[in-house]
Amino acid sequence: MIIGDRKSLTEILDMIKDCRSILITGCKGCVTVCNVGGLKEVQVLASSLKIARKKEGKSIAIEENLLERQCDPEYIAELADVVHRYDAVLSMACGVGPQFLAEAYPTQKFFPAINTKFFGGATGHGVWEERCAGCGSCVIHNYDGLCPVSRCSKSLMNGPCGGSANGLCEISKDVVCIWDRIVKKKMEQGRLADLLTVMPAKDWSTSRDGGPRKSIREELTQ
Amino acid sequence: MSENKSGSNLERVLRAGHFAFTGECGPPKGANVGHLKEKIAFLKGNVDAVNITDNQTAVVRMSSWAASAIAVQEGVEPNFQMVCRDRNRLAMMSDILGAYSLGARNMLCLSGDHQRFGNHPEAKNVYDIDSLQLIALAKKMRDEEQFMNGEAIDVAPRLFIGAACNPFADPFEFRVYRLAKKISAGADFIQTQCIYNMEKFRLFMKMAVDMGLTEKCFILAGVTPLKSVGMAQYMARQVPGMDVPPGLIDRLKGASKGKAAEEGIKIAIEQIEEFKEMKGVSGVHLMAIEWEHRVAEIAERAQMLPRPPI
Amino acid sequence: MDTFEPQIVAFCCKYCAYAAADLAGSMRLSYPPNVKIVQLPCTGRVDIFHLLKAIEDGADGVYVAGCLEGECHFLKGNLRARKKVEYVKRTLVELGIEPERVEMYNLSSAMGPRFAEIAREMTDRVRELGPSPVKAEAFA
C-alpha cells in the first residue's frame, strides 16, 4: 500500500492560516490501513487544529469527513454538496486525493495534510518499510524476492557496493544492505551463479523517468 | 594482456611488466587552478598516473574531467574518475568523450559515495547505471565504437578502463566474485580500497590468483599512509568499508611524541615492499590524502623511483 | 490568579486507579475536587482523540491512571496508553502548550493514598501552570 506521514501541525496551520472553516477529508484506503489518514486521524487532526485556534483566541469550523477512496471520481462526487461550504479542504489521503479533489472541484482550495512517502508494508506494529519503487518493470525474480531498485540506496543492479558493512548500508546503521541479503540468500540456496553475470543497464523509461504514466486496460474501458 | 588498448602510459607501464605506481589528487573546492597545479606538481615524475577524483565523498569540487585536462596540460597523466551518483548515461557518455578529447587516457569507474555523506545531502541522486554497467559502457564505446544504444561513435574514446575493489566490505566471500564481474564487464585494471588489514588482503589475493583473475587484469593495491592516531581511529570508525586493525592503531600510539606520521609512512613503505612480492599484485595506488608533498619521499624510500619514462 | 481552580480530567482504569479512588474515599482521604474521573475498562481504551478533546473543550490538565506496568488485566493496555499520552505531549509542544498538562500514572487498586497524592500532585502542577491557554484565550 501507499505509506505516508502526517505533515507537522505547524505546516498545516500555515496552509490554513487564512481559513475560518475547513473540511477535513480522510480516505478509507491505504492511509487508513497505515494509520495516517483514516477516521481516527481525521478526528485527531481536527481536534489539534481547534486547540491551536482556541489558543490564539480564534475559532475555526471544521467538518470531519471520510471517503471510501479519494483515488476514484465516484467517491469524490459524494462531496459535491459540502465542498463549497468551507474556505478550504484538507485531504488526508495520499497525494492522489488532493489532486482528484482539485480536478473535480476546480474553484475550491485543497491542501495535502499527508506527505506521501512510498509503497510498502507493515513490518511490525507502527512500523512500515519501503518495498517497491514503482519502476514499471519488475526485476524481483532475479534477486530472490528482494528488490534492489527500491531497497538499495543506490538502486544497484550489480551490488553490493564497497560501502556494505556487517549487513548494513553505508548511509545509516538503520538501513539494511539489501545486497548483503541478496548475496547471502543466493549462497544459502546454492544459486550464487545467478549473480555472476553482469546485469545490463535497466530501462527506466517505464519508471517516472519516462514521464507521467498511464495504465489502460481496453477490456475495461467504456 | 598483451596488445595496448589505449594510448595510456599506465597501460604501457603495466604491460611492460613494471610495478606500477599511481597517485591521487582531489580537485579544489573552487576554481583554484593554481592550487591544483601545485598538488599535481608534487606528483609529477613520482607516479605513472594520478587519479583525479570525482566529487569524492559527495562533496562538490571542480569537475574531474576539467581537473584531468589540467593535469594533461601539466604533463601528468590523469586517471579520470567517474561516479554513477551524479550523471545519467547521457552525461556519462558525453563526459567520457569530453575527457578523452582533452587528453585523458585512463578512466576509473565507481558507484560513488551516497550523497548522504556529502555537503549537499538534499540532492537527488542518479544511479541510472551502476559501476559495472559503466565499465561495460566504457568498453563498448572503446571496443565496439558504439554508444550504449548501439549507434556508431565518430572517433571512439580509447580509454584504459579501471575499476575499484574493496576487499574489506561485506559480504567478504562475495568480494572476489564481484571483482570477477568487474573484469568480465571490461575492467583492465583494478585499484583497491586502502589496505590496512594485510592478513585479510593476502587471503583475498590468494582467492583472486586461484580464480585466475590476476591473469586477466592488473591489480593495484591501495595504500594510504596514516598521519596520526586520530586519522586511524576516524578511518576505523567513520569511513564505510574501511578495516583498520587495532594492532595498527596501537603501533601508531606506540610511536614517540610527534613521530606518529613517520610511523605511518614506515607502515606504508613496509606494505609497498610486501606488495612488490605479492603474487597477483601489479602495482600500488598511493592515496596520500592532502599529503601530496610527501609522495616523492614515500616513492623514494619505497624504492619506486625512477618511474619508467613516459 | 489566586482564585484559579484548575479543571482536571482523569481517565482511570476500573481495575486499579478507579478502585483506588474508592479506597481513598472509604479511608476518608481527601483529594482536590478539581479532578473529574472518567472510568475506563482499561487505559488501553483511551484514545489520543479523547485526551485532545478534553484539552480542546477546556480542561486545564488531563491524566491517565492505569495499572502498574506489568499488571494490566489486558496485558499491555497501560503501556499503550503511555504511548498515546506521549503522542499528545508532542502535539501540545508543537502547538506551544505545556506538555506537563498531560500525564500518565500507574498505581494499583490497593494504593488509595497514592491516588489522592496523584490528584493533589496534578492539581498543584496545573495550578502552577495556570489556566490552559486554550480555555483562557478562547473565552477571553
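In what follows, chains are A, B, ... by sequence order, proteins preceding strands, each numbered from 1.
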Margin query: With chain A as the partner, which of B:Ala164, B:Ala169, B:Cys165 has the greatest number of non-hydrogen pairs under 4.5 Å?
Written below: B:Ala169
Notebook entry, point to check: Non-hydrogen atoms of chain B under 4.5 Å away: do they reach the side chain of A:Ser207, the backbone, both or neither?
Noted result: neither
Checklist line | Side chain, backbone, both or neither of B:Phe117 within contact of chain A (heavy atoms, under 4.5 Å) | finding: side chain
Notebook entry, point to check: Using non-hydrogen atoms only, which part of B:Met242 is less than 4.5 Å away from chain A: side chain, backbone, both, or neither?
Noted result: neither
Margin query: Given A:Trp204, which partner from the list B:Ile129, B:Asn88, B:Asp128 fulfils the side-chain contact (heavy atoms from CB on, under 4.5 Å) test?
Written below: B:Asp128
Margin query: Is there a side-chain contact between B:Tyr177 and A:Leu195 in this structure, where contact means two heavy atoms from C-beta onward sitting under 4.5 Å apart?
Written below: no
Check: How many angstroms lie between CD1 in A:Ile182 and CZ in B:Phe174, if you round to the nearest 0.5 Å?
Finding: 9.5 Å
Next item on the list: Taking the side chain as every heavy atom from C-beta outward, state whether B:Ser131 and A:Lys154 have any atom pair closer than 4.5 Å.
Entry: no
Check: If we ignore angles and hydrogens, is there a donor and acceptor under 3.5 Å between the side chains of A:Asn158 and B:Lys181?
Finding: yes
Next item on the list: Please name the pair of heavy atoms, one in B:Gln133 and one in A:Met199, separated by the smallest distance, quoted to 0.1 Å.
Entry: NE2-O, 2.9 Å
Margin query: Strictly distance-based, threshold 3.5 Å: is any side-chain N or O of A:Lys184 a donor or acceptor partner for the main-chain N or O of B:Pro171?
Written below: no
Next item on the list: State whether the side chain of A:Ser164 and the backbone N or O of B:Asp170 hold a donor-acceptor pair below 3.5 Å, judged by distance alone.
Entry: yes
Notebook entry, point to check: Tell me, side chain or backbone of B:Asp243 under 4.5 Å from chain A's heavy atoms, or both, or neither?
Noted result: neither
Note to self: Please identify, among B:Cys84, B:Ala136, B:Ser111, B:Gly241, the residue contributing the most non-hydrogen atom pairs under 4.5 Å to chain A.
What the structure shows: B:Ser111
Checklist line | Leading residue by heavy atom contact count with chain B [cutoff under 4.5 Å; candidates A:Leu156, A:Asn166, A:Val198, A:Ile171] | finding: A:Ile171
Notebook entry, point to check: What distance do A:Cys161 atom SG and B:Leu110 atom CG have between them, rounded to the nearest 0.5 Å?
Noted result: 11.0 Å
Margin query: Below 4.5 Å, heavy-atom pairs only: which of A:Cys177, A:Pro160, A:Pro200, A:Gly162 has the largest tally toward chain B?
Written below: A:Pro160
Check: Under a 4.5 Å heavy-atom cut-off, does chain A meet the side chain of B:Glu173, its backbone, both or neither?
Finding: both
Next item on the list: For chain A, find which of B:Gln193, B:Gln115, B:Lys182, B:Arg175 contributes the most heavy-atom pairs closer than 4.5 angstrom.
Entry: B:Arg175
Note to self: Are more than 12 heavy atoms, taken from residues, nucleotides or ligands other than B:Glu199, located less than 6.0 Å from that residue's CD atom?
What the structure shows: no
Check: Between A:Glu170 and B:His114, is there a donor-acceptor pair closer than 3.5 Å when you use the side chain of the first and the backbone of the second?
Finding: yes
Notebook entry, point to check: Got more than 12 heavy atoms from elsewhere within 6.0 Å of NE2, A:His125?
Noted result: no
Note to self: Tell me if the CZ atom of A:Arg213 is crowded by more than 12 foreign heavy atoms within 6.0 Å.
What the structure shows: yes
Notebook entry, point to check: chain A heavy atoms under 4.5 Å from B:Arg85: which part of the residue, side chain, backbone, both or neither?
Noted result: neither
